[in-house]
Amino acid sequence: MNAAQQQTVHEWNQRLQHTGSQLQQLLQQAHAGCQQLVGQNPTDPTPLGNAVGAIRQQYDSIGNLNDAFSEQYDRICDQGEGEPAYSLMKRALRGFERWQEETWQRFEASVQLDQYRAMWPHAQQAMQNPAPCSQCGRPLPRTTPHKSESLSCAACRAVSQVMPEAIVARYYSGMPHWYAESSLIDRRTALRKFRDDWDDHTDAEHAADRDRPEEPLERLRQREAMEREYWTAYAESRVRNEGGTADDVRTLVDARMKQAFYDDMGTNDVWRKAHGLESAADVGRVPAHLENVDEWGPVGHPQQNPGALEDDWVHDQLLNETLRDPPRHAAMLAALGYQNATHRAHVHHTFMRYYGDWMGTDEGQALLNRAVMRAMNEQRTHAAAAGAASGLLDPVEGVSIALYGSLQSQRAGLGDAQQFVQLLAQHQMDMPKWERVDKEWLGRMTRDTTGAVAIEYSKGFAGGGQFGAMGKAGMDVVASGQMGLAGPSAEEPVSFDRYCEISGAMSAWSKQGKDISAGLHQSFSMTAQDFSNVSMYWSQKMMADLSLIDRQSERIEAYEKQYLARP
């Protein structure tokens with residue numbers, strides 16, 4: 001590394017220090033404002049939540065140094081060889097980003113805990129209030145005042161559906177998460193450093209003109225153990241404060257481990273080999289003796305199937321999407337009609353021998369775009385089938401996912417809790433049963449690796465509110481397998497320009513720390529559900545007409561500036 005490069009690396013380190021000082025100054029100034037908000041709104045976390053969201057946008061904007069890193073590295077390359085300056089700058093950036101993440105976590109956890117500490121005396125007092133009998137008005141002693149209960153009156157024998165008071169519900173909706181989160185920041189930081197240390201090591205090996213080593217199995221298992229310890233501690237703390245069972249802990253840990261660790265291991269060759277799987281690169285490798293042998297497989301010869309080439313690319317997309325999950329990958333191969341991964345690779349190799357060059361043309365790229373859209377639709381079909389076969393979509397205590405989604409949609413438009421109790425009664429449910437059903441469906445969504453539960457839930461949820469027809473029309477496109485291929489056919493009670501205006505206004509309110517729900521109501525006479533339905537409709541329109549995407553970006557940016565300029 002020559003003198004000029006050393007100076008550039010020094011300037012980069014100074015840039016990191018300066019940015020760190022800016023971030024610290026921002027949070028120091030913001031902390032006083034957050035404490036003031038908590039003092040003014042001890043029982044309502046919404047103002048603080050809006051403010052924290054706006055602060056996070058500023059924090060991320062100041063702390064995003066990716067473009068600056070690219071510029072500095074270009075200077076390094078202009079001054080000589082890229083290494084070892086690159087690895088030194090990258091190591092420093094990782095350390096900065098780790099500090100940046102930890103600093104934000106400590107700030108956010110601190111102000112959120114301030115909010116829930118301020119809220120606790122009010123929630124505690126509310127939990128001591130007896131619930132009146134719905135029949136005779138006599139007080140009913142509660143056993144779990146933070147949950148819904150069915151209570152029998154000793155005097156008149158009537159059974160009353162009693163829900164937590166609003167302040168109690170608000171407290172328990174956020175407190176368990178933040179108390180768990182705040183106690184585990186050191187563990188999370190240590191886990192990230194463990195991952196970063198390996199990246200620093202591989203960069204150093206590359207800088208020394210050696211091959212980047214594969215992370216050894218022992219280290220992967222150590223990381224697995226650290227991840228599991230972290231998520232177990234989080235789940236135990238959260239469930240202890242929410243009230244739950246050991247099964248609730250296990251379910252949460254399993255779901256988070258899949259997202260945080262096992263999905264990555266699906267394409268890690270060291271991990272795959274240790275578990276008896278071939279390397280990701282070798283999945284479906286075509287044997288040398290078959291490279292010039294035609295095999296059209298379940299797709300069929302193009303002379304018999306005019307859409308064979310597009311079908312082949314649809315299969316390619318579907319199988320790539322499942323590669324991280326070996327059991328799903330094997331199931332998808334079987335569902336598409338392949339004997340194994342090698343058979344599939346042989347078929348795709350045959351198509352590429354004949355059509356590989358043509359795929360680089362405009363017509364070939366257009367075909368690929370259609371195939372991507374078709375694959376997205378077919379993924380949903382396969383997910384629904386897999387979900388149904390596994391029992392994930394079986395009703396919970398007689399409540400289907402469609403009914404569950406519909407009730408959640410209707411709930412958003414009701415004025416008070418008692419109206420929802422009355423709605424549930426129409427479906428032979430009380431609040432305790434609803435909470436069991438709600439918990440199970442949410443748990444299934446968390447455990448579901450196919451997305452089937454979320455898709456079916458969305459179908460049930462769409463259709464409520466004043467713009468329900470737009471949401472339903474958008475979901476109909478998804479359900480019919482035409483997403484990206486055709487737009488909704490319903491009328492447009494909210495025009496495309498109006499949709500962009502609402503989106504721009506919401507973006508401005510978010511940056512200003514304003515209450516988005518209140519803004520929607522005051523400026524557009526809409527609820528969050530209404531906007532969700534409108535967004536569903538126009539997102540499907542844009543997928544079928546990609547020219548709308550550029551127009552959307554321009555219009556949203558223009559409207560955002562207008563709303564930012566308003567007091």
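If you read the sequence from its start, that first residue is 1, and numbering goes on from there.
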I'd like to check the side-chain hydrogen bond (donor to acceptor under 3.5 Å, both in side chains) partners of [X]; sequence neighbours left out, ordered by chain and number.
| X | value |
| --- | --- |
| Asn320 | Asp316 |
| Glu236 | none |
| Arg94 | Asp200, Asp203 |
| Trp120 | none |

Query raised in the report: What's the verdict on side-chain hydrogen bond (donor to acceptor under 3.5 Å, both in side chains) for Gln24 and Thr103, showing C-alpha distance, side-chain angles and the deciding distance?
Result: CA-CA 8 Å; Gln24 285 181 317; Thr103 301; 6.0 Å; no
Compute whether any side-chain donor of one residue and acceptor of the other, for [X] and [Y], lie under 3.5 angstrom apart.
| X | Y | result |
| --- | --- | --- |
| Gln222 | Glu218 | no |
| Tyr404 | Gln408 | yes |
| Glu11 | Gln7 | yes |

Within the side chain of [X], is there an N or O that forms a donor-acceptor pair under 3.5 Å with the backbone of [Y]?
| X | Y | value |
| --- | --- | --- |
| Thr232 | Arg228 | yes |
| Arg272 | Leu277 | no |
| Arg15 | Phe69 | no |
| Asn241 | Ser237 | yes |
| Gln365 | Met359 | yes |
| His146 | Val168 | no |
| Glu242 | His177 | no |
| His329 | Asp325 | no |
| Thr350 | Glu295 | yes |
| Thr202 | Asp199 | yes |

At their closest point, which heavy atom of [X] faces which heavy atom of [Y], and how far apart are they?
| X | Y | answer |
| --- | --- | --- |
| Gly82 | Cys77 | CA-SG, 4.4 Å |
| Asn2 | Gly80 | ND2-CA, 4.4 Å |
| Ile401 | Met445 | CD1-CE, 4.4 Å |
| Ala207 | Glu83 | CB-OE1, 3.4 Å |
| Phe107 | Cys34 | CZ-SG, 4.0 Å |
| Arg223 | Phe194 | CB-CE2, 3.6 Å |

**Report entry** side-chain contact (heavy atoms from CB on, under 4.5 Å) between His382 and Thr322, worked out
**Finding:** CA-CA 11 Å; His382 286 288; Thr322 63; over 6 Å; no
Report task. Might you work through the side-chain contact (heavy atoms from CB on, under 4.5 Å) test for His346 and Glu291, ending with a clear yes or no? Result -> CA-CA 8 Å; His346 190 188; Glu291 287 184 352; over 6 Å; no
Query raised in the report: Can you check whether Phe351 and Trp313 have ring centres sitting under 6.0 Å from each other?
Result: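 For Phe351 and Trp313, the ring centres are not under 6.0 Å apart.
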Requested in this report: Measure from the ring center of Tyr338 to the ring center of His315 and say whether it is less than 6.0 Å.
Outcome: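 Tyr338 vs His315: aromatic centres under 6.0 Å.
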In residues 50-65, what donor-acceptor pairs under 3.5 Å come from side-chain atoms, sequence neighbours left out?
residue : atom : partner : partner atom : Å
Asn50   : ND2  : Thr46   : O            : 3.4
Arg56   : NE   : Asp60   : OD1          : 2.9
Arg56   : NE   : Asp60   : OD2          : 3.1
Gln57   : NE2  : Ser510  : OG           : 3.4
Tyr59   : OH   : Gln100  : O            : 2.8
Asn64   : OD1  : Asn66   : N            : 3.2
Asn64   : OD1  : Asn66   : ND2          : 3.3

Query raised in the report: Taking it one step at a time, do Glu227 and Arg256 satisfy salt bridge (Lys or Arg N to Asp or Glu O under 4.0 Å)?
Result: CA-CA 9 Å; Glu227 290 275 10; Arg256 296 300 175 87; over 6 Å; no
Query raised in the report: Within 45° of the axis and under 6.0 Å from the centre of the six-membered ring of Trp441, does NZ or CZ of Arg444 qualify?
Result: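 Flagged: Arg444 positioned over aromatic ring of Trp441.
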**Report entry** Ring-face cation contact, Trp231 with Arg187, 6.0 Å cut, 45° max
**Finding:**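 No - Arg187 does not lie over the ring of Trp231 by the 6.0 Å and 45° rule.
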To the nearest 0.5 Å, what is the distance between [atom1] ([X]) and [atom2] ([Y])?
| X | Y | atom1 | atom2 | answer |
| --- | --- | --- | --- | --- |
| Asn369 | Arg374 | CG | CZ | 13.5 Å |
| Arg285 | Leu290 | CZ | CG | 13.5 Å |
| Leu93 | Tyr73 | CG | OH | 14.0 Å |
| Glu215 | Leu220 | CD | CG | 4.5 Å |
| Asp114 | Leu37 | CG | CG | 11.5 Å |
| Gln105 | Arg188 | CD | CZ | 4.5 Å |

Query - Sub-4.5 Å side-chain heavy-atom contact between Arg195 and Arg192 - result: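 In short, these two side chains touch, coming nearer than 4.5 Å.
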Report task. Could you check Glu181 against Gln112 for side-chain contact (heavy atoms from CB on, under 4.5 Å), going step by step and ending with a plain yes or no? Result -> CA-CA 10 Å; Glu181 183 89 354; Gln112 292 288 357; over 6 Å; no
Report task. Would you mind telling me which of Arg328, Arg344, His348 makes a side chain to side chain contact (heavy atoms under 4.5 Å, CB included) with Leu319? Result ->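 Only match with Leu319 under side chain to side chain contact (heavy atoms under 4.5 Å, CB included): Arg344.
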Query raised in the report: Between Leu252, Val253, Asp254, which is the residue that forms a side chain to side chain contact (heavy atoms under 4.5 Å, CB included) with Arg250?
Result: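 Checked Leu252, Val253, Asp254 against Arg250; only one passes side chain to side chain contact (heavy atoms under 4.5 Å, CB included): Asp254.
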Report task. Could you walk me through whether Glu205 and Arg212 pass salt bridge (Lys or Arg N to Asp or Glu O under 4.0 Å), step by step? Result -> CA-CA 6 Å; Glu205 291 294 289; Arg212 293 182 182 273; over 6 Å; no
Query - Residue pair Asp248, Arg238: steps toward the salt bridge (Lys or Arg N to Asp or Glu O under 4.0 Å) verdict - result: CA-CA 10 Å; Asp248 295 327; Arg238 180 164 181 166; over 6 Å; no
Report task. Show the numbers, then the answer: is there a side-chain contact (heavy atoms from CB on, under 4.5 Å) between Met257 and Glu224? Result -> CA-CA 8 Å; Met257 282 297 295; Glu224 178 189 26; 4.1 Å; yes
Query raised in the report: Stepwise, does the salt bridge (Lys or Arg N to Asp or Glu O under 4.0 Å) test hold for Glu71 with Arg75?
Result: CA-CA 6 Å; Glu71 292 171 4; Arg75 284 182 58 193; over 6 Å; no
Query - ring-ring contact (aromatic ring centres under 6.0 Å, His included) partners for Phe96, two or more places apart - result: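 In terms of ring-ring contact (aromatic ring centres under 6.0 Å, His included), with neighbours along the sequence ignored, Phe96 is linked to Trp99.
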